[in-house]
Amino acid sequence: MPITPLHALSLMFLYFRDRRRFDPLALAVSSTFIDLEAAYYLLIMEPLNHRLLHSFALTLTIYPILITLGVCIAERFFTEKLQGIYNTLRFKTSHVQYPISTIYFCSLIGGLTHIFFDMFTHKDMPYVLYPIAYGNPFYLGTAAIVVELAVILLALYSCLVWLKTAKLKNH
């Protein structure tokens, strides 16, 4: 299973390729916060930890709206703090506040790709097609390593693009 930070890193190349169209905060938050559900169920020692939030139904409807609201609030009230974080990470941003449509689009992409990657690597993800079906017909078993490798390669690619753009901006 792709570890949570890799979900975010696997998408960040989008931001580094087109900073105007992709919001790094929305991409990072939307692709990782889904796993708060799994963390909660692990903490209370429930065996089934990928539940309703790990479904296309919620990830394509309610989840991006909630993430969009949260990111909009964060970008409006913590602009200077976020700019400082972006500068520390050498994101070289021209702005921190993105239009709501951009934030929503990035939230949709982040949540959708998280579910897409997880559906191949998690056997116990019964709500992936909820309310149409119960169970996960997409689980690949040991072949899931292909998806995990793809996520790792995307994350590495993002890191390479990140380093390249950071070096170019310094010269």
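Since the model is a prediction, treat every value here as computed from it, not as a measurement. All residue numbers in this chain count up from 1 along the given sequence.
- Within a 6.0 Å radius of OH in Tyr86, other residues, nucleotides and ligands contribute more than 12 heavy atoms.
- Counted by atom type alone, Asp35 and His54 present one or more donor-acceptor pairs between their side chains at under 3.5 Å.
- Evaluation of the side chain to side chain contact (heavy atoms under 4.5 Å, CB included) rule for Leu129 yields Phe56, Ala133, Pro137, Phe138 as partners, not counting sequence neighbours.
- The minimum heavy-atom distance linking Tyr139 with Phe120 is given by the pair CD1-O, 3.6 Å.
- One hydrophobic cluster holds both Leu14 and Leu156 under the rule that ILVMFWY side chains link at heavy-atom gaps under 4.5 Å.
- Using a 4.5 Å heavy-atom threshold, the side chains of Pro126 and Leu48 count as touching.
- Considering every non-hydrogen atom in both Leu27 and Leu11, the closest pair reads CD1-O, 4.0 Å.
- Residue Ile145 qualifies as open at atom CD1: its count of foreign heavy atoms under 6.0 Å is 12 or below.
- Put simply, the side chain of Thr32 never gets that close to the backbone of Thr4: no donor and acceptor are under 3.5 Å apart.
- Residue Tyr98 comes nearest to Arg19 through the heavy atom pair OH-O, 3.0 Å, listed as atom of the first residue, atom of the second, then distance.
- The shortest heavy-atom contact between Arg21 and Thr102 is O-CG2, 3.3 Å.
- Atom-to-atom distance recorded for Glu75:CD and Lys81:NZ is 16.0 Å, nearest 0.5 angstrom.
- Two different hydrophobic clusters hold Tyr41 and Tyr127 under the rule that ILVMFWY side chains link at heavy-atom gaps under 4.5 Å.
- Considering all non-hydrogen atoms of both residues, Ser10 and Val151 come closest at CB-O, 3.9 Å.
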Stepwise side chain to side chain contact (heavy atoms under 4.5 Å, CB included) check, His114 with Thr59: CA-CA 9 Å; His114 186 108; Thr59 304; over 6 Å; no
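- Judged by distance alone, the side chain of Tyr63 and the main-chain N or O of Ser30 form a donor-acceptor pair under 3.5 Å.
- Cluster membership check: Ile152 shares its hydrophobic cluster with Val147, using side-chain heavy-atom separations under 4.5 Å among Ile, Leu, Val, Met, Phe, Trp and Tyr.
- Side-chain rings of Phe13 and Trp162 stay apart, their centers remaining 6.0 Å or farther from each other.
- The line from CD1 of Ile85 to CZ of Phe91 is 10.0 Å long, rounded to the nearest 0.5 Å.
- Counting heavy atoms from C-beta outward, Leu9 and Cys159 have side chains that approach closer than 4.5 Å.
- Considering CZ of Phe117 and OG of Ser31, their distance stands at 9.5 Å, rounded to 0.5 Å.
- Between the side chains of Glu148 and Thr121, not a single donor N or O lies within less than 3.5 Å of an accepting N or O.
- Proximity of Leu112 to Phe116: side-chain heavy atoms (C-beta onward) are nowhere separated by under 4.5 Å.
- In this structure, CD1 on Ile67 lies 11.5 Å from CD1 on Ile103, to the nearest 0.5 angstrom.
- Residues Arg51 and Glu46 are in side-chain contact: their nearest non-hydrogen atoms beyond the backbone lie under 4.5 Å apart.
- Hydrophobic cluster membership is shared by Met125 and Leu140, with clusters built from Ile, Leu, Val, Met, Phe, Trp and Tyr side chains linked at under 4.5 angstrom.
- A distance of 11.0 Å separates CZ in Arg76 from CG in Leu82, rounded to the nearest 0.5 Å.
- The two residues Leu58 and Leu52 make their nearest non-hydrogen contact at CD1-O, 3.2 Å.
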Asp118/His7 under side chain to side chain contact (heavy atoms under 4.5 Å, CB included): CA gap, chis, key distance, verdict: CA-CA 10 Å; Asp118 277 5; His7 281 286; 3.2 Å; yes
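- Within the 4.5 Å cutoff, side-chain heavy atoms of Leu108 are placed close to those of Leu60.
- By the side chain to side chain contact (heavy atoms under 4.5 Å, CB included) test, Val161 is found to be paired with Phe16, Arg17, Tyr157, Thr165, residues two or more places apart in sequence or in another chain being considered.
- When hydrophobic clusters are built by joining Ile, Leu, Val, Met, Phe, Trp and Tyr residues whose side-chain heavy atoms come closer than 4.5 Å, directly or via intermediates, Leu6 is grouped together with Leu89.
- Within a 6.0 Å radius of CD1 in Ile100, other residues, nucleotides and ligands contribute 12 heavy atoms or fewer.
- For the atom pair Ser55 OG and Asn136 CG, the distance stands at 11.5 Å (nearest 0.5 Å).
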